[in-house]
Amino acid sequence: MLASFGQAALEALAAEPGERVLDVGCGTGFSSLRLAEAVGPTGVVVGCDIAPSMITGARARGAGVEQLSFEVLDAQQDDLAPDAPFDAVHSRFGVMFFSEPDVAFTNIGAATRPGGRLAFACWQHESKNEWIALPAQIMRRFTPDPVFAPENAPGPFAFHDPDRIRAILTTGGWTDIEIQPCTAPTMMGGGDGLDAALEQTMGTSVAQIMRKQVDDDTFAAATAAVRDALAARLVNEAVVFDGNVWIVTARRPT
């Protein structure tokens, strides 16, 4: 689902052989492995994530890659570079969940050398991403008391506003900030068909809020309506929408 956007962020970062790279919110390490390929055996890649279960999966995925390591770290407050600063910092949808993003990007900047680079992918507004906006709209029609996240609250769409991104990065000491739109096909459920797409969709917070407020029959009716909407987007047995993200780059001052 995220591969095309991750590739765009990797290309924007352009990691080079021998560089030290930090992968923030690395999850199970998919992008970290790609970065390790780019820096080669003379480089270093450290993937960090706040979730121990993610790091366990990442360590299994990256086993045997000597230039790659993974750490359970909170990028908002932990020391990210105890040995040496990083040349570059990357994130694929891992920076939108900070409770204090100004503090986080200041901390990330402190771990990056002068002139070091930053590149990350983040979602544009929910309304620009029909893969979640369409089923959410349907589910909210069945929900007696729909709950909407406060504007700019930590979450997938917290960085939807380019002006806010610039302000956060500027406060964190980053310069040369560029924010470019990126649109690519987004395959729900990993492209594994309608059932996988429906399972992913019904695991969202909007669905969980609805489930707590409605009876079984209402929940079943809502699920059927969402399934019909997803079925209308089947392309070669995969549920596909256009996804819209920002690819953000910046530098540390020299």
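No hydrogens, no waters, no symmetry mates; every other heavy atom, side chains included, goes into these values.
- V39 and V46 are not part of a single hydrophobic cluster, where members link through side-chain heavy atoms under 4.5 Å apart.
- T171 contributes a side-chain N or O that, together with a main-chain N or O of A167, makes up a donor-acceptor pair within less than 3.5 Å.
- Annotation: side chain of T223 is not in contact with side chain of V226 (no heavy-atom distance under 4.5 Å).
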Task: Derivation of the side-chain contact (heavy atoms from CB on, under 4.5 Å) call for L35 and L13 - done: CA-CA 10 Å; L35 290 165; L13 188 70; 3.8 Å; yes

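- With rounding to the nearest 0.5 Å, the separation of OG in S31 from CG in L10 is 6.5 Å.
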Task: Full working for side-chain contact (heavy atoms from CB on, under 4.5 Å) between L68 and L33 - done: CA-CA 7 Å; L68 176 60; L33 275 171; 3.7 Å; yes

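- Closest approach of P135 to T201, counting heavy atoms only: CB-CG2, 3.4 Å.
- Residues P146 and I209 fail the side-chain proximity criterion, which asks for heavy atoms closer than 4.5 Å.
- A distance below 6.0 Å separates the ring centres of F105 and F120.
- Shown here are the side chain to side chain donor-acceptor pair (under 3.5 Å) partners of N107, two or more places apart in sequence or in another chain: there are none.
- Checked by atom type and distance alone, the side chain of Q213 pairs as donor or acceptor with a backbone atom of D145 at under 3.5 Å.
- Contact annotation: the side chain of M96 never approaches that of H160 to less than 4.5 Å [non-hydrogen atoms, C-beta and beyond].
- The minimum heavy-atom distance between V239 and A197, with the atom names listed, is CG2-CB, 3.6 Å.
- In this structure, V89 is not a member of the same hydrophobic cluster as I50, with clusters built from ILVMFWY side-chain heavy atoms closer than 4.5 Å.
- Taken to the nearest 0.5 Å, the CD atom of Q77 stands 10.5 Å off from the CZ atom of F98.
- By the side chain to side chain donor-acceptor pair (under 3.5 Å) test, D216 pairs with R211, sequence neighbours left out.
- Applying the ring pair (Phe, Tyr, Trp, His ring centres under 6.0 Å) test to every pair with at least one member in residues 4-40, sequence neighbours left out, gives these pairs: F5-W123.
- Residue V72 is not grouped with residue F86 when hydrophobic side chains (ILVMFWY) are merged at heavy-atom distances under 4.5 angstrom, including chains of intermediate members.
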TODO: I would like to know whether R117 and H90 meet side-chain contact (heavy atoms from CB on, under 4.5 Å); could you show each step before the answer?
DONE: CA-CA 9 Å; R117 312 183 308 285; H90 168 273; over 6 Å; no

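- Pairs of residues two or more places apart, or lying in two chains, that qualify as salt bridge (charged side-chain N to carboxylate O under 4.0 Å, His left out) and include a residue from residues 79-93 are D87-R113.
- Note: the hydrophobic cluster containing L80 does not contain V103 (ILVMFWY, side chain heavy atoms under 4.5 Å, direct or indirect links).
- Residues L194 and M188 are members of one and the same hydrophobic cluster, defined by side-chain heavy-atom contacts under 4.5 angstrom among Ile, Leu, Val, Met, Phe, Trp and Tyr.
- Sequence neighbours left out, the pairs with a member in residues 32-55 that pass salt bridge (charged side-chain N to carboxylate O under 4.0 Å, His left out) are R34-E37.
- In this structure R252 satisfies the side chain to side chain contact (heavy atoms under 4.5 Å, CB included) test together with T112, W174, sequence neighbours excluded.
- By the 4.5 Å heavy-atom criterion applied to side chains, M139 and T204 are counted as neighbours.
- Under the 4.5 Å side-chain criterion, counting only non-hydrogen atoms from C-beta, V21 is not in contact with V44.
- For the side chain to side chain donor-acceptor pair (under 3.5 Å) test, residues two or more places apart in sequence or in another chain that qualify with S32 are D23.
- Of all non-hydrogen atoms in P85 and A81, the two that sit nearest each other are CA-CB, 4.1 Å.
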Donor-acceptor contacts, no H, no angles, side chain residues 51-60, under 3.5 Å, sequence neighbours left out:
| from | atom 1 | to | atom 2 | distance (Å) |
| --- | --- | --- | --- | --- |
| T56 | OG1 | P52 | O | 3.1 |
| R59 | NE | F70 | O | 3.2 |
| R59 | NH2 | F70 | O | 2.8 |

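- Pairing each heavy atom of I165 with each of C122, the nearest pair is CD1-SG, 3.9 Å.
- Q208 places a side-chain N or O within 3.5 Å of a backbone atom of G203 that can act as its donor or acceptor partner.
- If you check the side chains of T183 and N244, you find a donor sitting under 3.5 Å from an acceptor.
- Within the model, atoms CD1 of I108 and OG of S91 stand 7.5 Å from one another, a figure rounded to the nearest 0.5 Å.
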Task: Test log, rule side-chain contact (heavy atoms from CB on, under 4.5 Å), inputs F241 and L230 - done: CA-CA 9 Å; F241 291 87; L230 296 179; 3.9 Å; yes

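- For the side chain to side chain contact (heavy atoms under 4.5 Å, CB included) test, residues two or more places apart in sequence or in another chain that qualify with P181 are Q124, W246.
- Closest of all the heavy-atom pairs between D102 and T106 is O-OG1, 2.8 Å.
- Contacts classified as salt bridge (charged side-chain N to carboxylate O under 4.0 Å, His left out) and involving residues 176-200 (residues at least two apart or in different chains) are given here: D195-R227.
- Side-chain N or O atoms of R251 include one that pairs as donor or acceptor with a backbone N or O of G115 at under 3.5 Å.
- With contacts defined as side-chain heavy-atom distances shorter than 4.5 Å, the pair V245/F93 qualifies.
- Remark: R233 CZ to T186 OG1 distance equals 11.0 Å, nearest 0.5 Å.
- The shortest non-hydrogen separation linking I179 to P162 is CD1-O, 3.5 Å.
- Side-chain contact between W131 and L134 is absent, with no heavy atoms from C-beta onward closer than 4.5 Å.
- With a 4.5 Å cut-off on side-chain heavy atoms, P101 and V95 do not count as touching.
- Legend: salt bridge (charged side-chain N to carboxylate O under 4.0 Å, His left out) pairs involving residues 157-174, not counting sequence neighbours, sorted by first then second residue: D163-R166.
- Judged by distance alone, the side chain of Q76 and the main-chain N or O of S99 form a donor-acceptor pair under 3.5 Å.
- Partners of E126 under the side chain to side chain contact (heavy atoms under 4.5 Å, CB included) rule, at least two apart in sequence or in another chain, are I132, A133, A136, R140, F157.
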